[in-house]
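Heads up: the structure comes next, in structure tokens.
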2 protein chains.
Amino acid sequence: MTSPPVPTPPWRAARKDRKARRALSRDAIVDVALKVIDAEGLDALSMRRVAQDLDTGAASLYAHIDSKEELMEEVLDRVHAEIGTIEPRLEPDPENWQEQTKEWMRRGRRVYAGHRDLARAAMEQAIPTGPHALMNIEKLLALLRAGGLPDQAVAYGVDALSTYLTATVFENSLLESSPAQTGQTVEEYFGQVRDYFGSLPVDRFPNIVAMVEPLMRDVGDERFEFGLDLLVGGLARYARPRGTDAAAQGQEDAQA
Amino acid sequence: MTSPPVPTPPWRAARKDRKARRALSRDAIVDVALKVIDAEGLDALSMRRVAQDLDTGAASLYAHIDSKEELMEEVLDRVHAEIGTIEPRLEPDPENWQEQTKEWMRRGRRVYAGHRDLARAAMEQAIPTGPHALMNIEKLLALLRAGGLPDQAVAYGVDALSTYLTATVFENSLLESSPAQTGQTVEEYFGQVRDYFGSLPVDRFPNIVAMVEPLMRDVGDERFEFGLDLLVGGLARYARPRGTDAAAQGQEDAQA
DNA sequence: TAAGTAAACGAACACTGTTCGCGCCGTGGA
DNA sequence: TCCACGGCGCGAACAGTGTTCGTTTACTTA
């Protein structure tokens with residue numbers, strides 16, 4: 001098979017080039033996937049799209065990753081890492097657990113908001129089991145336990161907080177991306193909805209018509225903060241009595 | 001072009017048969033779509049699948065409906081009608097608005113739960129504008145206003161409640177449908193997660209390990225009821241002072 | 001009866017996630 | 001040094017998806 005030296009044909013050279021940047025790996029794939037989401041949104045993410053940025057075909061990805069679903073889990077866990085590593089050492093303070101919890105939630109919101117509509121993917125994940133996602137659950141559990149809540153309240157509380165976080169961030173991303181598909185800005189879209197609500201028949205929808213302004217006010221921080229206060233404040237009612245007021249409250253659930 | 005009478009060829013006869021049941025209409029399409037969702041789940045819903053039950057092709061549907069998205073809006077509004085028509089006349093009672101609100105939420109949950117994973121579609125709808133959806137918002141607004149909440153608290157409160165409803169119902173449907181795809185029951189899936197959580201390294205995840213049981217307890221009513229109580233109880237803090245306690249609270253948002 | 005119109009429809013387009021099987025390539029053993 | 005092996009890369013294909021095009025069909029109106 002020893003043949004005399006011959007200039008390699010162009011297609012083989014091209015092949016060589018491609019093989020040369022053999023940077024194909026699990027991490028590289030997840031990297032690119034997240035970059036695509038950040039740049040073009042979740043809908044633009046396809047196996048072919050990821051492969052394209054890696055100068056290869058979609059089939060090649062399946063040597064490193066079982067399915068797109070698994071890829072998404074990996075991407076989501078990377079984002080969970082981003083939430084957790086901003087302030088790696090968090091010492092739950094029993095005197096300050098409410099504000100700490102809120103701050104943690106705000107951090108999560110900021111991080112998610114920085115990745116377009118990735119929160120939609122987070123919603124579709126039933127129970128997150130990635131290491132960094134677990135770390136975040138662990139942190140939240142620690143905060144609520146520091147508040148002295150009964151175990152069941154801690155568990156349901158963490159669940160409610162997580163649900164609230166992903167759901168609100170997702171809805172926010174919807175409000176930004178769905179009017180963009182028809183080429184209008186968020187303000188235009190909101191203006192249209194405001195007008196529509198205002199134009200409803202007053203006899204059938206008196207409250208909507210009367211409440212158009214408060215309903216349409218702010219899509220962002222204030223709205224999020226309101227619900228957050230509802231939840232954390234509600235959880236605080238379960239807290240171990242401290243200071244003057246008793247923590248007793250008449251609900252039968254969330255027993256210790 | 002006048003040709004002598006000839007027995008219609010079989011294929012034309014077949015065509016005749018199909019045309020005879022010209023029951024194709026907007027309502028009929030929405031009917032079938034909802035039936036498909038109820039019977040086979042949201043993922044099974046495709047334009048071709050709907051057309052098949054109507055003995056036609058997918059293209060024929062587009063004479064009555066602009067897009068699949070519009071079809072989903074129609075389906076969702078039908079379900080919203082189902083929520084609203086169970087108790088068409090609801091008189092908001094200022095003395096009882098909290099329990100009325102909770103009951104309304106429970107009703108919504110029951111209805112959604114009766115339609116498989118349709119709640120996922122509800123999540124993806126940015127701002128519902130269907131007539132029956134608006135009617136439900138109207139009802140919720142009336143209830144919170146009867147409680148004497150400041151306008152902004154009413155608006156944000158309705159939003160938080162709606163979000164909580166769809167998000168929790170959606171998560172519940174996920175927990176039921178996602179393990180079913182791999183052929184296991186919900187109990188098996190939950191057992192696996194429980195075992196996994198329990199097997200985590202105690203030094204890194206002390207709270208998760210300690211809280212496995214409360215975390216994994218109940219996927220249903222109790223969990224929902226807990227979050228519901230958090231929200232409604234939190235809203236009640238904004239209520240107009242009645243009886244002894246003052247409703248003042250230090251948050252700066254949700255001003256009237 | 002003739003014309004006009006609106007619905008129905010088959011085929012096609014551009015996508016999607018995933019699988020199959022071939023061929024290249026770097027590494028370990030003889 | 002040579003060779004075989006095994007894993008990875010990858011083009012092509014499969015079975016789907018929502019949607020559109022151009023045509024045929026059926027019904028209504030003049």
Side-chain angles (χ1 to χ4, degrees), chain A residues 1-3 8-29 32-33 36-37 40-75 120-121 124 181-182, chain B residues 1-3 5 8-29 32-33 36-37 40-75 121 124 181-182:
Chain A
M1 293 287 185
T2 57
S3 44
T8 42
W11 62 89
R12 282 207 72 205
R15 279 287 179 78
K16 274 264 167 184
D17 280 3
R18 191 177 300 175
K19 296 276 178 179
R21 64 176 86 119
R22 183 70 70 80
L24 214 49
S25 73
R26 199 166 235 263
D27 274 350
I29 294 172
V32 170
V36 170
I37 293 173
E40 306 170 35
L42 193 63
D43 283 332
L45 183 78
S46 72
M47 301 305 268
R48 285 173 178 81
R49 182 68 189 76
V50 171
Q52 176 185 313
D53 272 22
L54 256 28
D55 274 325
T56 180
S60 304
L61 307 180
Y62 285 84
H64 306 271
I65 273 181
D66 282 345
S67 66
K68 192 189 181 185
E69 192 182 326
E70 195 195 289
L71 172 58
M72 287 311 309
E73 285 180 27
E74 211 81 19
V75 170
R120 190 170 84 223
E124 287 171 7
Q181 286 178 347
T182 65
Chain B
M1 296 286 185
T2 58
S3 44
T8 41
W11 63 89
R12 284 206 68 204
R15 281 286 180 78
K16 275 261 167 186
D17 281 3
R18 193 178 302 175
K19 296 279 175 174
R21 62 175 87 119
R22 183 71 68 85
L24 214 48
S25 74
R26 201 166 230 265
D27 273 351
I29 293 172
V32 169
V36 170
I37 293 173
E40 306 170 35
L42 193 62
D43 284 331
L45 184 78
S46 72
M47 301 304 268
R48 285 173 177 81
R49 181 68 188 77
V50 171
Q52 176 185 314
D53 272 22
L54 254 29
D55 274 322
T56 179
S60 305
L61 307 180
Y62 284 84
H64 306 271
I65 273 179
D66 282 344
S67 64
K68 193 191 180 184
E69 191 181 328
E70 195 195 288
L71 172 57
M72 287 312 308
E73 283 180 29
E74 212 80 18
V75 170
E124 287 170 10
Q181 286 179 346
T182 64

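Everything quoted here is computed from the prediction, not taken from an experiment. Quick note on labels: first sequence line is chain A, next is B, and so on, each numbered from 1.
Nearest nucleotide to the side chain of B/H64, out of D/dC8, C/dT18, C/dA8: C/dA8.
Between B/L61 and B/L71, the closest side-chain pair of non-hydrogen atoms is not below 4.5 Å. A heavy-atom distance below 4.5 Å is found between the side chains of B/M72 and B/I37.
OP1 or OP2 of D/dC10 sits under 4.0 Å from a side-chain N or O of A/S60.
Take A/R49 and apply the salt bridge (Lys or Arg N to Asp or Glu O under 4.0 Å) test, not counting sequence neighbours, and it matches A/E40, A/D53. Every salt bridge (Lys or Arg N to Asp or Glu O under 4.0 Å) that A/E74 has, sequence neighbours left out, goes to A/R26.
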Generate the contact string for nucleotides 12-18 of chain D. Rules: B means base contact, S means sugar-phosphate contact only, - means no protein heavy atom under 4.0 Å. -B---BB
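Atom CG in A/L54 sits about 17 Å away from atom C1' in D/dG11, given to the nearest Å.
Between A/L61 and B/E69, the residue anchored nearer the 5' end of DNA chain D, judged by the nucleotide with its closest heavy atom, is A/L61.
Here the CD1-OG distance, from B/I65 to B/S25, works out to 9.0 Å after rounding to the nearest 0.5 Å.
The environment of CD in A/E69 is sparse: at most 12 heavy-atom neighbours from other residues, nucleotides or ligands sit within 6.0 Å.
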